[in-house]
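Only one structure is covered here, and it is reproduced in the block below.
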Amino acid sequence: MTGIQLYNTLARAKQAFEPQDPKNVRMYVCGPTVYDYAHIGNARPVIVFDTLFRLLRHVYGEAHVTYARNITDIDDKIMKRAADEGVSIKTISERYARVYNEDMGTLGALQPTIQPKATEHLSEMIRMMQTLIAKGHAYEAEGHVLFNVPSMENYGRLSGHSRDELIAGARVDVAPFKKDPADFVLWKPSTDEQPGWNSPWGRGRPGWHLECSCMIEKHLGETIDIHGGGQDLIFPHHENEIAQSECTHGAQFVRYWMHNGYLTVDGEKMSKSLGNFHTVHDLIADHPGEALRLSLLTAHYRQPIDFSLANVSEQKRRLDRWYRLTESVASATEVPASVIEALADDLNTPRAIAALDALATKETAADLKAGAQFMGFLTMAADKWFQGDAADGDDAAEIEAMIAARKAARANKDFAESDRIRDALLAKGIVLEDSAGGTTWRRAD
Ligand SMILES: [Zn+2]
């Protein structure tokens, strides 16, 4: 069995991965808050941990890996969007959860084993708060329930923040009812107009951190193997998940913490005002999902990545090359060892891609196909890949009609007309290829 090495943020070191139970490997990744389209930065953890999910399934067997990625479907941003549109939060969250899953599917991400929704775990959240209050780790104040940070001796271990940094970094304003400025919200009151649920502390709604702890407890248990997310979640989100779960259960929460680095676009932080803001939804309208996926994996996950459309085009050309080589080749039955070994080394995707490039020869095309498909590439028929979006709908029907007209012209020896049709198609970016079997077409490079 291939040994997997993973960098554990908590240990600040690369470690041999040893699951608690190899028959039941458990991974959780913080999912989206669904109030708008996901941007390309949101897609990075999805693709990174999808690659890890594929590796874990390869090593431990598909039936022995459970991957949960939640949907945060209650949040102030969702409430604002719903109020702006005059619809319920359910309408908003269901709409964007559906788009999210479709878009991530286009990027080749497998569906997680479980996608729990926050609003379906209210009773678990209330129970966890009751336990934390009973154990002296949380308290009620003015309709809120707060976690008391000084009640936990080793709070802050994951981020390594000092107490001053913890206080300065607390996102919410220091409310007068807090016992300690670093205390964070588990539950907050809702007004009559706001969505809310009944609780022993009045009608209200959960804080974001609490949701993940409860969904993990319910679906994966008290101690899980891997918890992933973006580096920006280390503090306060993951620090607070640890506090809630470990103080509730008195057991280690997560054995390996993994965090992916930041994503910039054209060298800058992505922002709507800079005009470099890309939603996945827009990108997949113009670029193949596999090229976007490959682009996101060209940097090691712990390194920052600078996303650019130029790089997406470069990866598209790399995929063109792979598709051409493997067009009429059956995939090898085994995933090449060079690919598995690279991924097992703390998910070294640049090395895995280099290993695929090394297999991009006529002699090793079957191995290339197996390795690429394992990583979520070469999943289309080559002709569909080269035809691109034009393969669907009206475009394709029109192209086929022109090809038929050209065939008729050639049969009548009207070569001027035949050439005219070929040139007209070329002007539309469509290249014809004649062979003994007839004429096929593809998009020009
Ligand atoms: Zn989370």
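Note that ligands are numbered from 1 as they come in the structure, with each ligand's atoms numbered from 1 the same way.
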Table please: side-chain donor-acceptor pairs of residues 288-298 below 3.5 Å, with sequence neighbours left out.
| from | atom 1 | to | atom 2 | distance (Å) |
| --- | --- | --- | --- | --- |
| Glu290 | OE1 | Tyr323 | OH | 3.1 |
| Glu290 | OE1 | Leu378 | N | 2.9 |
| Glu290 | OE2 | Tyr323 | OH | 3.1 |
| Glu290 | OE2 | Thr379 | N | 3.0 |
| Glu290 | OE2 | Thr379 | OG1 | 2.6 |
| Arg293 | NE | Met375 | O | 2.8 |
| Arg293 | NH1 | Asp50 | OD2 | 3.1 |
| Arg293 | NH1 | Leu107 | O | 3.2 |
| Arg293 | NH1 | Gly108 | O | 3.1 |
| Arg293 | NH2 | Asp50 | OD2 | 2.7 |
| Arg293 | NH2 | Met375 | O | 3.0 |
| Ser295 | OG | Asn311 | OD1 | 2.8 |
| Thr298 | OG1 | Ser295 | O | 2.7 |

### Task
Just to the nearest 10 degrees, tell me the angle at the Zn ion (ligand 1) spanned by His237 NE2 and Cys212 SG.
110°

### Task
Identify, with sequence neighbours excluded, every residue that meets ring pair (Phe, Tyr, Trp, His ring centres under 6.0 Å) alongside Tyr7.
none

### Message
Just checking: Cys30, one of its N/O/S atoms, less than 2.8 Å away from the Zn ion (ligand 1), yes or no?
### Response
yes

### Query
Is the distance between the Zn ion (ligand 1) and the nearest N/O/S atom of His238 smaller than 2.8 Å?
no

### Task
Give the atom name of whichever N/O/S atom in Glu241 sits closest to the Zn ion (ligand 1).
OE2

#### Entry: Residues Ser213 and Ser245: side-chain donor-acceptor under 3.5 angstrom
yes

#### Entry: Polar side chain donor-acceptor pair, Asp225 to Gln20, under 3.5 angstrom
no

